[in-house]
Q: 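Pasting a structure here, questions to come.
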Amino acid sequence: MLQSIRNASQHWLGKVVLTVIFTFLIAGVAIFGVEEFFRGGSSSTVATVGKTPISAEEVRTAYQNQLQRYQAQLKRTLTPDQARSLGLERQVLSQLITEAALDQKTTDLGLAVSDAAVLRAIQDEPSFKNANGTFDRVLFYQTLQRAGLNEAMFVREQRSVIARLQLADAIVAELPVPQAIREAVHRYSTERRSAAVLTLAPSAAGEIPAPSEEELTAYYDNNKASFRAPEYRSLNLLVLDPTAMAKPEAVSEEEARKVYEANRNRFGKPERRTIQQISFPDEAAANEARAKIESGEKPFEAVAAERGLDPKQLDLGTLTKSELFDPAVGNAAFALEQGKVSEPVKGRFGTVLLRVTAIEPGDIKPFDEVKDEIRKEIALQRVRDGEFDKAQDAIEDARASAKPLAEIAKDRGLTLLSIPAVDAQGNDPSGKPVEGIPDKETTLPAAFRADVGNDTEALRTKTGGTIWYDVVKIDPSHEKPLSEVRDEAVKGWTQAEIAKRLVAKSKELTERLEKGEAIEAVAQETGLPLKQVADLGRNQTKDDLSGDIVERIFTTPVGKAASAPSGDGRAVFKVTAATVPAFVAGTPSDRQLVTSLRTALADDVLGEFIAEVQKSAGVNVNQTALRRALGGEY
């Protein structure tokens, strides 16, 4: 059953169901807590599909999960405005509405998944099987515990997921793929073309004289947008950085050594041990087995075999102490001599005997080598635990009393960063990046949303600091006069004139080829380089032919000529041949095509089905509740 779930997850619906459901279950509980999550938190309803509600808690959880994924991919924090510009709330709500629509349809159809089916699905899940390929209850509970779930929660969600995917499978199972579609795709993907190509470099345009004043003025007037100066802003920034406030020299060696002794494994490679384990139903059975091993009556492996374990199942792996899930097992294993068998250990999941077969010694850096690093960490933590908040509150109080940042910085002995002029991309008027702006991707958008004299909100930095900013002056975007951009305008006019002449020349050559002149004769007369290219495929570059030229070759009939841009120049070509391999149904490539097309068709069918379910059931969204669920403005 879960194999079907994994197969279904390859198409659109499966991705929606599994991503949303399991993201909610595993990632969401870390944010809002397991019990709160499953109780639904707030009683407010953000949306309904038919009679199926979408709670505010579901929306908050899904939104936070999606936001965290984006931030991890972008490797930076997103502001609420940035998240909104990405359409995060629309994506989340769309996913939840899709899920609710499927729930509503399964309810309407009276579909239900039996206890036996859910149990079978769980027992068939490879993640819960041991090395023998059988369901391992201990492994099952360990997995749920790591995810912060209990058995009842997991079974309930499995039942829901299975019902949705069974409904989806019933809709799209074995969709036929018409042969006409397969033939069309085959022709499109396998067609190959040949062409003869003349290349017109910029030099083919001839000598370009300097533009007259009238020509240059006309070009400038028609392209004023290219000569606009961006908006520049003058800013004052006050940065409170915990790292800058920290005073490592005030941390004593004794304090640093205590931290070192309590966290030795952080400063190098900790000891690792290869550990074997045999589980027993009770302590008496474990003692009996240990006595046999110690007396030599039975080796460790033989006892394991009696317990139904093969040699591959004996090893827990080569692990550090902290990597062992059960503290009792970890303490016992790391107190053993190599090759010795432990006394019975009462762990979280039963009584076990342990044996250590190999020990990799740790390699910990000496205290003197890391003491400076430790002092910095202690000093930074002290700042974060008290000094930073006090300093931040003091600055906020000063801001509330309308003190300018320059005065606040002077009073508190902080450095004020004054930026005379910066554009939204972080460059100065000369086009060079302005150095020293902290968290540019957050600070600059905020500064360019504010106005002179605005009471701006403080910004948080990636390192846990705070930035206060004032907009001192705004120099609006404006058109630069021709006198200021004359050189740029001359350059632009010259490039436009070259392009114009090349277009005219390529049009002349194309007309000659269309009238029947041989391309070889045209090349010889004009002195242009001629190249014969073959085996061109769609959407593929070859040699120095760009994708645009290849695409134009495929839109031009065989025997016809045309031209296309080629870098700074142009290319004039004549299509000389086109070949398409015969379509043969049932070949490996055709079967592969059927599989991929069936997936695409299934996506379309499922999309239409879900849209129809939503239409017939009715979708209602409470915008006020949505804004409230996402914390007001999102």
Side-chain angles (χ1 to χ4, degrees), residues 2 5-6 8-49 52-103 127 143-150 152-162 164-165 168 441-442 460 462 464 610 619 621-623 625-634:
L2 290 190
I5 291 176
R6 286 190 299 277
S9 71
Q10 300 305 309
H11 59 59
W12 177 82
L13 180 65
K15 290 177 182 176
V16 169
V17 174
L18 293 181
T19 299
V20 174
I21 289 297
F22 285 103
T23 298
F24 288 173
L25 282 173
I26 295 172
V29 296
I31 300 173
F32 295 101
V34 174
E35 293 302 326
E36 180 65 17
F37 174 71
F38 282 97
R39 283 199 303 268
S42 172
S43 61
S44 63
T45 298
V46 170
T48 56
V49 181
T52 302
I54 299 171
S55 71
E57 193 67 24
E58 287 178 283
V59 173
R60 279 194 292 270
T61 302
Y63 182 82
Q64 289 297 325
N65 292 336
Q66 188 77 319
L67 180 62
Q68 288 177 0
R69 283 193 291 272
Y70 268 89
Q71 290 178 156
Q73 291 172 0
L74 298 173
K75 297 181 179 179
R76 63 183 177 88
T77 301
L78 292 176
T79 65
D81 282 344
Q82 290 170 334
R84 189 177 185 181
S85 69
L86 291 171
L88 233 60
E89 78 286 349
R90 293 191 300 274
Q91 295 173 26
V92 167
L93 191 58
S94 176
Q95 287 179 342
L96 294 177
I97 288 173
T98 295
E99 180 189 341
L102 292 171
D103 286 342
S127 300
T143 304
L144 293 190
Q145 188 173 30
R146 284 194 293 269
L149 303 171
N150 62 38
M153 295 174 184
F154 183 75
V155 169
R156 183 167 63 247
E157 293 307 319
Q158 282 295 293
R159 193 188 305 278
S160 178
V161 170
I162 293 170
R164 292 172 190 148
L165 290 175
E441 63 276 10
T442 300
R460 297 291 291 179
K462 295 175 184 176
I610 292 171
V619 177
V621 178
N622 184 333
Q623 295 293 339
L626 176 62
R627 286 192 293 272
R628 189 184 304 119
L630 299 180
E633 184 178 355
Y634 56 88

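The basis for the numbers below is simple: all heavy atoms, side chains too, and nothing from hydrogens, waters or symmetry mates. Counting begins at 1 with the first residue of the sequence.
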Q: If I compare all heavy atoms of Ala101 with all of Val49, which pair ends up nearest, and what's the gap?
A: CA-CG1, 3.7 Å

Q: Quick one: pull up CD in Glu89 and CZ in Arg627 and give me the separation to the nearest 0.5 Å.
A: 11.0 Å

Q: Provide the closest heavy-atom pair for Pro53 versus Thr48 in the form atom of the first, atom of the second, distance.
A: CA-CG2, 4.0 Å

Q: To the nearest 0.5 Å, what is the distance between CG on Leu88 and CG on Leu67?
A: 6.0 Å

Q: Is it the case that Gln91 and Tyr70 place a side-chain donor and acceptor less than 3.5 Å from each other?
A: yes

Q: Once side chain to side chain contact (heavy atoms under 4.5 Å, CB included) is applied, do any residues pair with Arg460, and if so which ones, sequence neighbours excluded?
A: Phe388, Gln392, Thr466

Q: Got Val59 and Leu626 here, is their nearest side-chain heavy-atom distance under 4.5 Å?
A: yes

Q: Give me the atom names and distance for the closest heavy-atom approach of Glu58 to Ile54.
A: OE1-CA, 3.5 Å

Q: To the nearest 0.5 Å, how far apart are CG in Leu93 and CD in Gln623?
A: 8.0 Å

Q: Are the side chain of Thr61 and the backbone N or O of Glu57 linked by a donor-acceptor pair below 3.5 Å?
A: yes

Q: With side chain to side chain contact (heavy atoms under 4.5 Å, CB included) as the test, would you mind laying out the steps for Leu96 and Val46 before giving the verdict?
A: CA-CA 10 Å; Leu96 294 177; Val46 170; over 6 Å; no

Q: Going from CG on Asn622 to CZ on Arg628, what distance comes out if it is rounded to the nearest 0.5 angstrom?
A: 7.0 Å

Q: Could you tell me whether a side-chain N or O of Gln82 sits under 3.5 Å from a main-chain N or O of Glu441, the two making a donor and an acceptor?
A: yes

